[in-house]
Novice: 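Here you go, one structure.
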Amino acid sequence: MGSFFAGERMEDDLRWREERERRLAKKKEAHADEVDATLSKADADEFQEKDDEDIYFAPEKGNVIFASAIDGWGFRIGKFAHLYAVKLGMKEANLRTVLWGDFYLDPKTKRVISYKHLKGRVLKPLFVQFVLENIWAVYEAVVLKPDSERVAKIVSALSLKIPPRELKSKDTRYLLSLIFSQWLSLSTCVIQTIVDIVPPPPSAQRVRIPKMLYPDIYETTIEPKNKLEENLFACDDRPEAYVVALVSKMFAVPVEELPENKKRPVTAEELRERGRTAREARKAAETNGDADLNIVPVPLSSEPDGTASPAQPSETAAELKQGGENVAAELGIQTGETLLGFARIYSGTIARGSTIYCVLPKYNNTLPPSHPRNQSHIVTAKAERLYTMMGRELVEVQEVRAGNVFAIKGLEGKVWRNATLCAPRSVGVQGPDLERDKECLVNLGGALRTAAPIVRVALEPAVPADLPKLVNGLKLLAQADPCVETFQQQTGEHVIMTAGELHLERCLKDLRERFARVEIHASKPIVPFRETCVKGAEMAPPKSGGKRGTVYGASVHNLVKFTIRASPLPKPIWDFLQDNLAVIRQLHRESRNRDLSQRNTNIEAVEEDPAEIDIQGELYKPPTVEPEQFWSALEDICKKCGGEWASIIDRIVAFGPQKVGTSLLVDLRKTSSKSLKARLATNKEENVSEERQIVNDFDGYLETGFQLATLQGPLCAEPVEGLAYFVESLEINYAGLEEERVQNRMAQVTGSFISAVRDACRNGLLDWSPRLMLAMYTCDIQASTDVLGKVYGVVARRRGRIVAEEMREGTTFFNVRALLPVVESFGFADDMRKRTSGAASPQLIFSGYELLDEDPFWVPTTEEELEDLGEKADRSNVAKAYMDAVRERKGLFVDRKIVEHAEKQRTLKR
C-alpha cells in the first residue's frame, strides 16, 4: 500500500513540478525582455526589483558567497561587478544584476544581451567569462600547468604584494593560498557580507525583541510600553539605561586558559628594566667584593625602534628563584575548570565588578518580583570579570555595551543553564531591593511550555549515602531547566518528569556530571494512563438488577447506607470540562483565597501559576470561557444533552480527581447539601443543627471517597475521567452513631464509610465496559517519497496512526502528522532513523489522552468468537497487557497464568 500511495504522490509531484517550470520559464522570458529594454536605454539608472517568490538567496543581492574553504578564497558578485563596470562602461548596479544568469556579452556591440538574442552563436555567460575563467587561470598557472612567468603576470595584473622569493616556491598549494588570500580573501568576504546583510543590533532588536517578550503577537513591530521596552527596542547603551543581558548557556574553561592566568610575554621595556636592575646588582656586588655571585645572561632583545641591543646581565639567581616562587604561587595553585556565562547584552552597559540580578528561567513576568513564587528565582551575582570572545581566545575588558556578545565570570553556582541579567543602571545594583528595581526585571530565558512533561522516572543513588546530593541535584536541575518537574511521591520515591526520551537522557547526564555528581539508577519510564468506561454493544446484565452502574454500600454495622450510580459522561460535557480544567482550578483558588482573607486579613492570598502542570501529567488547554461564564456555559451544554443531564448543574457536588477533573459527583437526594456552584460563590454555613452537621460531615466523607476512587481507578490505580457518580440515597442511623461516639469509635465508622464509597465508585465503573486511555504524542515527520512507506511501517508497528499528510510546496518532501502512544514511543526516533537511513526524523509533542477501544477483561463467549479464537483467545489483548504492566509496577495483584501447558516431565533416552 505504501508503494501505491508513493506512486500517486510522485505523479502529483511531477505535475506540480511541470507547472512550476512553465511558470518559471515564463518569468524568465519576462525578465530577459526587461533587461534588454533597460540596457537599450542610455538614461536607465537601475533595474527594477523583480518578484523572487521562488528564490530566497540571490547572488545579485549579495547574500550568496562563492567560496573554497580548502584554498581560502571567497567572493560575491559585487566584487567582479566593481572590477568590470569601468571596463565595460556600465553602471555597477546594472552589471551586478546581469552577472549571474543567462546573460552574455556581444563581442561586436560590446553590449549585454539575453539568451533570446544569441541567434545560434555560442557565447559564454558573463559569470563564466568574467569570473570563473579568471579563477581557472590561477589554478592552471599554479597547480595544473605550473608556469612562473604566467604567475608573475597574474600577480602583477592583480596588484598583489607577494615577494619574489615566495613566487619561486615549489609548494603549489602554499602559493595558491597565498595568491587567493590577497586577491579573494575568504575571511574578508565573510566579514563584509555580515556587515552588509545582517542588520545591526538597533535595527534587529526593534523587530526581534517584541517576539521574545510577546511570543503570541502577529504584528511586525509594536510600540514600547515602558522604559524597559524603550531601552530594549533601541539597543540603548547609555549609563542610565536598564541593563538586560541574556545568558544562553554556561560553558567550562580551564582555569589556566583565562587571560589573567596566562603567562604574559615580557615586553622590551620590562627586559630593559631587568637589565638595569641586574647591572645595579652587579655594581653593588663588585663594590662589596662578592666575586662569587652567579650572573645569568639575558639574550638579545629588540628595541622599540627595531635596533638590537647587546645582551645585558639579568637578575641574580636568588632573585630568579624568588620570582619563580611568586609565579608558582600565582599560577600553580589555580587548576581545574571554571564556568563562564555565554551572553548577549540587549540594553545598557555592564561593567566589571558591578552587582546584577540573575533572573532564572522559571521567573514569571506576570507576577511581581516580591511574590513567593518569584523570590526563589531571583539571585544576585557580581560580574567578576568580562571577556570578549575572539575565536577561541578570551580578551578581558572592563565593560560591555549593548549589542555585543561576551563571556562573564562570577555566575558559577548561581546560574546553571540560562538566565537573564538585569540591573537598573550601568553601575549595577546599589543594595538589592526588588520593589525599587522591579521595573528593570524581565525573564527572556523562560521556555514557552506548550505541553506537559509526560515521561516520568524514579531516581535513586547507587550509594544510599549520596541521597542528600541527589536531592540537592534535583533542585538545581529544576532551577536550571524550565521544562523539568521534580517531586517526591508519597512512597518516598524521587521522581523527575521530562518532555520526552531525549530530554530525559539529557537530564540524567546533567545530574550525573554537573548537578548531583553521583552515580544514579533510573527506573523504567513511568507513563500515565487514564481510566474510563463506555456503553458496550453486548454487555452482561447489571450486577444490581436495577439501572446499570448502581452500587449499594454501607459502613461498618450498617450505620450509614448509601446508593451510588455510575454513568459515562456525554461527549459534549466531557470535552467542555477537558478544555476548561484551568478555569475549574482558578475557581477553587479564588474561593480558597477568599476564605483565607476572611479568617485573617493579615494573611496574603497565595496565587498559583496558571501554567503549572500537576504531577499527574494533566494537560491544561487554553480555556474556552471566562471563569464568570463557566457555570452558565456548562448549564447550556447539559440542557442540550437532555435527559437526566439537563438539571444537574445545581446538584454537582465536586469535580474529580483532586477537585479538578472531568469526573462529577452529583447529589440527587431531595435534601441534598449545597452544590459546588453555591459553595464556591458563598461562605461556609454557620449555626446549623446537630443533625444537619452530621449530614454535612458525611457529605464531606462521601466526597473524600469519590476523590480517592477517581484518583486511583479499579483497573490499574490510574486517574478516572469522563464519569458521573450519582448519589441516590444516604441513610444515617443517628442512634447507632451516638452510641459509637460514646464508645469513641467514630474513626472506625468514618474510615469504613470512606472505603465503602471508594469501592462502590470503582465497582460502578466496572459494571460498564471499562477502557484505558493512552497518553498520546503528536508526531511530526518530514520525509521524502523514497522512505514514505517505511515511515508508515514504523508508525504502524508502534500502534500509531497517520492523521494528516501534505507535500511541502517546492520540495519533494512530505509533512506527515501521526498520533503515537507515549508508552510505545521509547526508541521510536532511533527506529525511525534506522529504518529510513536517517532520511526521516520525528518530533514528538504531548497532545493529551485518547481512548483505547478494547476491553481489558474481554474473553470470547459467543460461538463465533470461540470458533475463531478458541477458548484461550490466543490473540493478545493490548489493553490487558498495558494494565498488567502498570499493576505489576505498582505491586498490585496481576491475574496471570503462570503455567500454560502442564505436562509430566520425562527423561528421554539418548
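FYI, the numbering just counts along the sequence from 1.
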Novice: What pairs of donor and acceptor atoms, side-chain ones from residues 457-475 against any protein atom, are under 3.5 angstrom apart with sequence neighbours left out?
Specialist:
none

Novice: With sequence neighbours left out, write down each residue that passes side chain to side chain contact (heavy atoms under 4.5 Å, CB included) with C189, or none if nothing qualifies.
Specialist: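 Testing C189 for side chain to side chain contact (heavy atoms under 4.5 Å, CB included), a comparison that skips the adjacent residues, returns I65, R76, T193.
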Novice: Can you name the salt bridge (Lys or Arg N to Asp or Glu O under 4.0 Å) partners of E393, sequence neighbours left out?
Specialist: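 Testing E393 for salt bridge (Lys or Arg N to Asp or Glu O under 4.0 Å), a comparison that skips the adjacent residues, returns K262.
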Novice: Within a strict 4.5 Å, meaning less than it, do heavy atoms of the V455 and M497 side chains meet?
Specialist: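 Sidechains of M497 and V455: no contact.
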Novice: How many angstroms lie between atom CD1 of I135 and atom CD1 of I179, to the nearest 0.5 angstrom?
Specialist: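 These two atoms lie 12.5 Å from each other.
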Novice: With sequence neighbours left out, write down each residue that passes salt bridge (Lys or Arg N to Asp or Glu O under 4.0 Å) with K382, or none if nothing qualifies.
Specialist: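 Listed in chain order: nothing, the list is empty.
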Novice: Does R274 pair with E270 as a salt bridge, N-O distance under 4.0 Å?
Specialist: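 Salt bridge: no.
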Novice: Among residues at least two apart in sequence or on other chains, which ones pass salt bridge (Lys or Arg N to Asp or Glu O under 4.0 Å) with R517?
Specialist: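 Per chain and number, R517 pairs via salt bridge (Lys or Arg N to Asp or Glu O under 4.0 Å) with no residue.
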Novice: Any sub-3.5 Å donor-acceptor pair from N365's side-chain atoms to V442's backbone N or O?
Specialist: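 Checking the backbone N and O of V442 against the side chain of N365, no donor-acceptor pair under 3.5 Å is found.
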Novice: Please name all residues satisfying salt bridge (Lys or Arg N to Asp or Glu O under 4.0 Å) with D830, sequence neighbours left out, ordered by chain then number.
Specialist: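 In terms of salt bridge (Lys or Arg N to Asp or Glu O under 4.0 Å), with neighbours along the sequence ignored, D830 is linked to R833.
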Novice: May I ask you to decide if A478's main-chain N or O and T486's side chain share a donor-acceptor pair within less than 3.5 Å?
Specialist: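 Between the backbone of A478 and the side chain of T486 there is no qualifying donor-acceptor contact (under 3.5 Å).
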Novice: Between CG of L508 and CG of L504, what distance do you get to the nearest 0.5 Å?
Specialist: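 Going from the CG atom of L508 to the CG atom of L504 covers 4.5 Å.
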Novice: Between S185 and Q182 (side chain of the first, backbone of the second, donor and acceptor by atom type, cut-off under 3.5 Å), is there such a pair?
Specialist: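 Flag not set: sc S185 to bb Q182 has no pair under 3.5 Å.
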Novice: Do V397 and V400 touch side chain to side chain, with heavy atoms closer than 4.5 Å?
Specialist: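 Sidechains of V400 and V397: in contact.
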Novice: For K211, is the NZ atom crowded, meaning more than 12 foreign heavy atoms sit under 6.0 Å from it?
Specialist: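 Atom NZ in K211 is packed in, count exceeds 12.
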Novice: Report the C-alpha separation of I408 and I356 in whole Å, then their side-chain angles, then the decisive distance to 0.1 Å, and conclude whether the side chain to side chain contact (heavy atoms under 4.5 Å, CB included) test is met.
Specialist: CA-CA 12 Å; I408 179 172; I356 51 178; 4.0 Å; yes
Novice: Under a 4.0 Å N-O cut-off, is there an ion pair linking K227 with E230?
Specialist: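 Salt bridge between K227 and E230, a charged N being under 4.0 Å from a carboxylate O: no.
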Novice: Tell me, with the steps shown, if L232 and Y242 meet side chain to side chain contact (heavy atoms under 4.5 Å, CB included).
Specialist: CA-CA 8 Å; L232 287 173; Y242 289 156; over 6 Å; no
Novice: Taking all non-hydrogen atoms of both residues, which atom of A351 and which atom of A383 are closest, and how far apart?
Specialist: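 That would be O-CB, 3.9 Å.
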Novice: Tell me if a side-chain donor or acceptor on S203 pairs with a main-chain N or O of P199 at a distance below 3.5 Å.
Specialist: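 Checked: no pair found.
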Novice: Side chain to side chain contact (heavy atoms under 4.5 Å, CB included) between L360 and I378: does it pass, once the steps are laid out?
Specialist: CA-CA 6 Å; L360 302 179; I378 301 178; over 6 Å; no
Novice: If only side-chain N and O atoms count, and only distance matters, is there a donor-acceptor pair under 3.5 Å linking S370 with Q375?
Specialist: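 No - no donor-acceptor pair under 3.5 Å links their side chains.
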Novice: For Y387, is the NZ or CZ atom of K409 found under 6.0 angstrom from the centre of its six-membered ring and inside 45 degrees of the ring axis?
Specialist: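 Output no; distance or angle outside limits.
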Novice: How many angstroms lie between CD1 in I345 and CG in L246, if you round to the nearest 0.5 Å?
Specialist: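 Rounded to the nearest 0.5 Å, the CD1-CG separation comes out at 11.5 Å.
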Novice: Crowded around R208 CZ? As in, over 12 foreign heavy atoms under 6.0 Å?
Specialist: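 Result for CZ/R208: open.
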Novice: Return the minimal non-hydrogen interatomic distance between M832 and P842, and the atom names on each side.
Specialist: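 For M832 versus P842, the nearest heavy atoms are CG-CD, 4.0 Å.
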Novice: Is the shortest distance from a Lys or Arg side-chain nitrogen in E286 or K283 to a carboxylate oxygen in the other one below 4.0 Å?
Specialist: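 Salt bridge between E286 and K283, a charged N being under 4.0 Å from a carboxylate O: no.
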Novice: Looking only at heavy atoms, what is the nearest atom pair of G445 and T420, with distance?
Specialist: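 Nearest pair, atom of G445 first, then T420: N-OG1, 3.5 Å.
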Novice: Side chains of R206 and C235: closer than 4.5 Å at any heavy-atom pair?
Specialist: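 Not touching, per the 4.5 Å side-chain cut-off.
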Novice: Using ring-ring contact (aromatic ring centres under 6.0 Å, His included) as the criterion, list what pairs up with F406, not counting sequence neighbours.
Specialist: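 None.
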Novice: Do E257 and N261 have side-chain atoms, one donor and one acceptor, less than 3.5 Å apart?
Specialist: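 There is no such pair (donor and acceptor under 3.5 Å, judged by atom type) between the side chains of E257 and N261.
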Novice: Under 3.5 Å, side chain of N443 to main-chain N/O of P361, donor-acceptor pair present?
Specialist: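 Yes, the answer is positive, given that a donor and an acceptor are paired below the 3.5 Å cut-off.
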Novice: Spell out, as yes or no, whether a donor-acceptor pair under 3.5 Å connects the side chain of N374 to the backbone of L367.
Specialist: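 Indeed, once roles are kept as given, a pair shorter than 3.5 Å links the two residues.
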Novice: Less than 4.5 Å apart, side chain to side chain, heavy atoms only: is that true for D71 and S177?
Specialist: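 Side-chain contact under 4.5 Å: no.
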Novice: Any side-chain donor-acceptor pair under 3.5 Å between Y174 and E166?
Specialist: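 Note: Y174 and E166 side chains meet the donor-acceptor criterion.
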Novice: Under the ring-ring contact (aromatic ring centres under 6.0 Å, His included) test, which residues partner F75, sequence neighbours left out?
Specialist: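 For F75 the ring-ring contact (aromatic ring centres under 6.0 Å, His included) partners, ignoring immediate neighbours, are F66, W73, F80.
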Novice: Among all residues two or more places apart in sequence or in another chain, which pass the side chain to side chain donor-acceptor pair (under 3.5 Å) test with S248?
Specialist: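 For S248 there are no side chain to side chain donor-acceptor pair (under 3.5 Å) partners, ignoring immediate neighbours.
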Novice: Look at the side chain of E396 and the backbone N and O of P259, then say whether any donor-acceptor pair between them is shorter than 3.5 Å.
Specialist: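 Checking the backbone N and O of P259 against the side chain of E396, no donor-acceptor pair under 3.5 Å is found.
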Novice: Can you name the ring-ring contact (aromatic ring centres under 6.0 Å, His included) partners of Y139, sequence neighbours left out?
Specialist: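 ring-ring contact (aromatic ring centres under 6.0 Å, His included) check on Y139 returns F180.
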Novice: Does some side-chain heavy atom of L421 sit less than 4.5 Å from a side-chain heavy atom of Y357?
Specialist: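 In short, these two side chains do not touch, never coming nearer than 4.5 Å.
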Novice: Does any part of the side chain of T380, heavy atoms only, come nearer than 4.5 Å to the side chain of V429, both counted from C-beta?
Specialist: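 When only atoms from C-beta onward are counted, T380 and V429 do not touch, as no gap falls below 4.5 Å.
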Novice: What closest approach, in Å, do L394 and A407 show between heavy atoms, and which atom pair accounts for it?
Specialist: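 Answer, listing the atom of L394 first, then A407: CD2-CB, 4.5 Å.
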Novice: Using 0.5 Å steps for rounding, measure from the CZ atom of F515 to the SG atom of C507.
Specialist: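 Here the rounded value is 8.5 Å.
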Novice: Could you measure the distance from the NE2 atom of H503 to the CZ atom of R506? Nearest 0.5 Å is fine.
Specialist: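 Here the rounded value is 9.5 Å.
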Novice: State which residues pass side chain to side chain contact (heavy atoms under 4.5 Å, CB included) with E412; sequence neighbours excluded, sorted by chain then number.
Specialist: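 For E412 the side chain to side chain contact (heavy atoms under 4.5 Å, CB included) partners, ignoring immediate neighbours, are T338, L339.
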Novice: Before giving the answer on side-chain hydrogen bond (donor to acceptor under 3.5 Å, both in side chains), spell out for S825 and E501 the whole-Å C-alpha distance, their side-chain angles and the decisive distance to 0.1 Å.
Specialist: CA-CA 8 Å; S825 67; E501 184 182 9; 5.9 Å; no
Novice: Test R238 against D236 for salt bridge (charged side-chain N to carboxylate O under 4.0 Å, His left out), laying out the working first.
Specialist: CA-CA 6 Å; R238 294 176 300 170; D236 194 348; 2.7 Å; yes
Novice: Only counting residues at least two apart or in another chain, list the ones meeting side chain to side chain contact (heavy atoms under 4.5 Å, CB included) with T349.
Specialist: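 Side chain to side chain contact (heavy atoms under 4.5 Å, CB included) check on T349 returns D237, E399, R401, S426.
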Novice: Kindly indicate whether the side chain of L511, heavy atoms from C-beta on, has any atom under 4.5 Å from the side chain of L477.
Specialist: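 Yes - at least one pair of side-chain heavy atoms lies under 4.5 Å apart.
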Novice: Starting at CG of L167, measure out to CD1 of I162 and round the result to the nearest 0.5 Å.
Specialist: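 Reported to 0.5 Å precision, the distance equals 5.5 Å.
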Novice: Using atom types as modelled and distance alone, determine if a side-chain donor or acceptor of Q205 lies under 3.5 Å from a backbone N or O of Y346.
Specialist: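 Judged by distance alone, yes, a pair lies under 3.5 Å.
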Novice: Could you go through the side chain to side chain contact (heavy atoms under 4.5 Å, CB included) check for L160 and L178 one step at a time?
Specialist: CA-CA 10 Å; L160 305 181; L178 198 63; over 6 Å; no
Novice: Provide the closest heavy-atom pair for A423 versus G428 in the form atom of the first, atom of the second, distance.
Specialist: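 The pair with the smallest heavy-atom distance is CB-CA, 4.2 Å.
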Novice: Does some side-chain heavy atom of C422 sit less than 4.5 Å from a side-chain heavy atom of V243?
Specialist: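 The answer is no; the side chains never approach within 4.5 Å.
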